[in-house]
Q: 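Take this structure, written in structure tokens, and hold onto it; I'll ask about it next.
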2 protein chains.
Amino acid sequence: MDEKLISKAVIRRLPRYYRYLGDLLDDGVERISSGELSNRMKVTASQIRQDLNNFGGFGQQGYGYNVRYLYAEIGKILGLNHTHNMIIVGAGNLGQALANYKSFENSGFKTVALFDVNPAVKGKKVRDIEIHMMNELSEFIPDHHVEIAALTLPKSEAVSVAEKLVDYGVKAIWNFAHTDLNLLLPEDVVVENVHLAESLMRLSYNLTTKKDSKVEEK
Amino acid sequence: MDEKLISKAVIRRLPRYYRYLGDLLDDGVERISSGELSNRMKVTASQIRQDLNNFGGFGQQGYGYNVRYLYAEIGKILGLNHTHNMIIVGAGNLGQALANYKSFENSGFKTVALFDVNPAVKGKKVRDIEIHMMNELSEFIPDHHVEIAALTLPKSEAVSVAEKLVDYGVKAIWNFAHTDLNLLLPEDVVVENVHLAESLMRLSYNLTTKKDSKVEEK
DNA sequence: TAGATTGTTAATCGATTAACAATC
DNA sequence: TAGATTGTTAATCGATTAACAATC
């Protein structure tokens, strides 16, 4: 049963649909048409229908989409219907910030532990989640069925630690270090690079460009 | 002098070129061809040359690109040749994590203050950067020529705070809250949404999909 | 000069949008 | 039934890749 490969562009949009549908649910909205959703999200209705039809017909002619149903279906597509155990490697501010995001748990991502090299933080807790030492990783990962590791470490350590994590059984890495781990790890390891610095540079580009055109207008 | 509009896809790649060139510089590499860079970055040489030629001819036939020069030029394009004053609104873990990124300063982003509602943290410092109270924003922003505000607040407060920031003169918002602020603020405000939750969901999709295909192989 | 590699045009590929028949 | 809106095909648009003449 080989399903057609879904394009990255579609996958990038799915979580956004999911978020808007969640907001609609919270607002008690029962049904929505692609046209109405298109207005809210500022994308074309055509795109919404095309995107959704990659995965099946979730709507009904003349009616639109049932919000609760569509929300659940997109959740399934994204794999949010199962719990994924996650660890955070690097218990600095960023690691702790992630541990504090309670909303991740609602989407099925359960942070089961933090890890750090600094003995001073050993045993400390961030919202019930204990900080462990790095040498416990090899046992902890298989024992707790850890699938995902968030890497909040400096670039210098990221690669070697990532390789170990994969050895110990981690299937996916949520990478906050400034390297492209996907190019350095085995093909079958799922890597999502965050690259905050690049996000800030894009902002800077837009800021600079906008300013330039302002000047030109004068 | 209206330059042709550069596509978003190109802009998304620029910071990545910049990063690779920076790494090459650190390694003491003087020149690089699009072919060699293409190998390292896993993109086509054609794309590299096309992307760069949106902004001008930075290379030389038969030679390739001078690493230092190209690095500097891309830096200029991204607006990293000027200092941008930045504040962080929301001094929780995430805000503090951002304040601790010293590397941002090397790219021209200077964090001049943090802001929070909680009086308990007033006057505290994160790496020399003082935490102020929110009611000081209206004076602080114009006084310190703040261009960029990183918003590390819960979704519920993000919109109203963002509107105030814009009133006080902020030109760009680096948004970590789970809303699309670009749709809610004036057109001329630059917004870069980070959306960590969506990043995690994309990871989850890839994890789920990969697992499925594993099962099918059996 | 010969070799290498760019800058750029042309070809291909993929993604988005438009249109409309199907149908609830 | 009439009206609304989907699912889907076809048309358009844009982005990526290939090719090669220009030139260092």
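Naming: A, B, ... by sequence-line order, numbering from 1 per chain.
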Q: Return no unless some side-chain N or O of Thr44(B) is found under 4.0 Å from OP1 or OP2 of dT17(D).
A: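 For dT17(D), OP1/OP2 do have a side-chain N/O of Thr44(B) under 4.0 Å.
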
Q: Which of the following nucleotides, dT17(D), dA22(D), dT17(C), is nearest to the side chain of Gln50(B)?
A: dT17(D)

Q: From CG of Asn53(B) over to C1' of dT17(D), roughly how many Å is that when rounded to an integer?
A: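 Atom-to-atom, Asn53(B) to dT17(D), this comes out as 15 Å.
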
Q: Indicate yes or no for a side-chain donor-acceptor contact from Asn175(B) to the backbone of Thr179(B) under 3.5 Å, with no hydrogens or angles considered.
A: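 It does hold such a pair.
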
Q: Kindly assign one of parallel, tilted or perpendicular to the pair Tyr71(A) and Tyr18(A), based on the angle between their ring planes and the thresholds 30° and 60°.
A: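 Judged by the thresholds at 30° and 60°, the geometry between Tyr71(A) and Tyr18(A) is parallel.
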
Q: How long is the line joining CZ of Arg31(A) and P of dT5(D), in whole Å?
A: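 For the pair Arg31(A) CZ and dT5(D) P, the rounded distance is 6 Å.
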
Q: Which listed nucleotide (dT5(D), dT16(C), dG7(D)) is nearest to the side chain of Arg13(A)?
A: dT16(C)

Q: For dG3(D), which nucleotide in any strand shown is its Watson-Crick or wobble partner with both distances under 3.5 Å?
A: dC24(C)

Q: Assign Ser46(A) to base, sugar-phosphate, or nothing according to its heavy-atom contacts below 4.0 angstrom with the strands shown.
A: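 Touches a base.
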
Q: On DNA chain C, compare the nucleotides closest to Gln60(A) and Ser7(A); which residue's is nearer the 5' end?
A: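 The residue mapped nearer the 5' terminus is Ser7(A).
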
Q: Step through the shown structure and confirm whether more than 12 heavy atoms of other residues, nucleotides or ligands are within 6.0 Å of CD on Glu30(A).
A: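 No - once you tally the heavy atoms of other residues, nucleotides and ligands closer than 6.0 Å, there are 12 at most.
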
Q: Which whole-number value in Å describes the distance from Asp51(A) CG to dA18(C) P?
A: 15 Å

Q: Any side-chain N or O of Tyr65(A) less than 4.0 Å from the OP1 or OP2 oxygen of dC24(C)?
A: no

Q: Could you label the plane-to-plane angle of the His84(B) and Phe109(B) rings as parallel, tilted or perpendicular, counting under 30° as parallel and over 60° as perpendicular?
A: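 Parallel, since the angle between the ring planes stays under 30°.
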
Q: Round to a whole Å and report the spacing from CD of Gln47(B) to P of dT5(C).
A: 20 Å

Q: Strictly by Watson-Crick or wobble contacts shorter than 3.5 Å, is anything paired with dA19(C), and which nucleotide is it?
A: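 dT8(D) is the nucleotide pairing with dA19(C).
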
Q: Separation of Asn66(B) atom CG from dT6(C) atom C1', in whole Å?
A: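 Atom CG in Asn66(B) sits about 15 Å away from atom C1' in dT6(C).
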
Q: OP1 or OP2 of dG7(D) versus the side-chain N and O atoms of Arg49(A): is any pair under 4.0 Å?
A: no

Q: Look at the side-chain N and O atoms of Ser34(A) and state whether any lies under 4.0 Å from the OP1 or OP2 oxygen of dT5(D).
A: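 For Ser34(A), the contact criterion (side-chain N or O under 4.0 Å from OP1 or OP2 of dT5(D)) is not met.
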
Q: Nearest whole Å is fine: how far is dT23(D) P from Phe58(B) CZ?
A: 19 Å

Q: Does Gln61(B) make a side-chain N or O approach to OP1 or OP2 of dA22(D) shorter than 4.0 Å?
A: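 So the side chain of Gln61(B) is outside the cut-off, no N or O lying under 4.0 Å from OP1 or OP2 of dA22(D).
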
Q: Check whether NZ of the Lys or CZ of the Arg Arg31(A) lies under 6.0 Å from the centre of the six-membered ring of Tyr65(A) and within 45 degrees of that ring's axis.
A: no

Q: Would you kindly give the CG-to-P distance between Asn54(A) and dT8(D), to the nearest whole Å?
A: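 In whole Å, dT8(D) P lies 11 Å from Asn54(A) CG.
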
Q: What is the distance from CZ of Arg12(A) to P of dA15(D), rounded to the nearest Å?
A: 13 Å

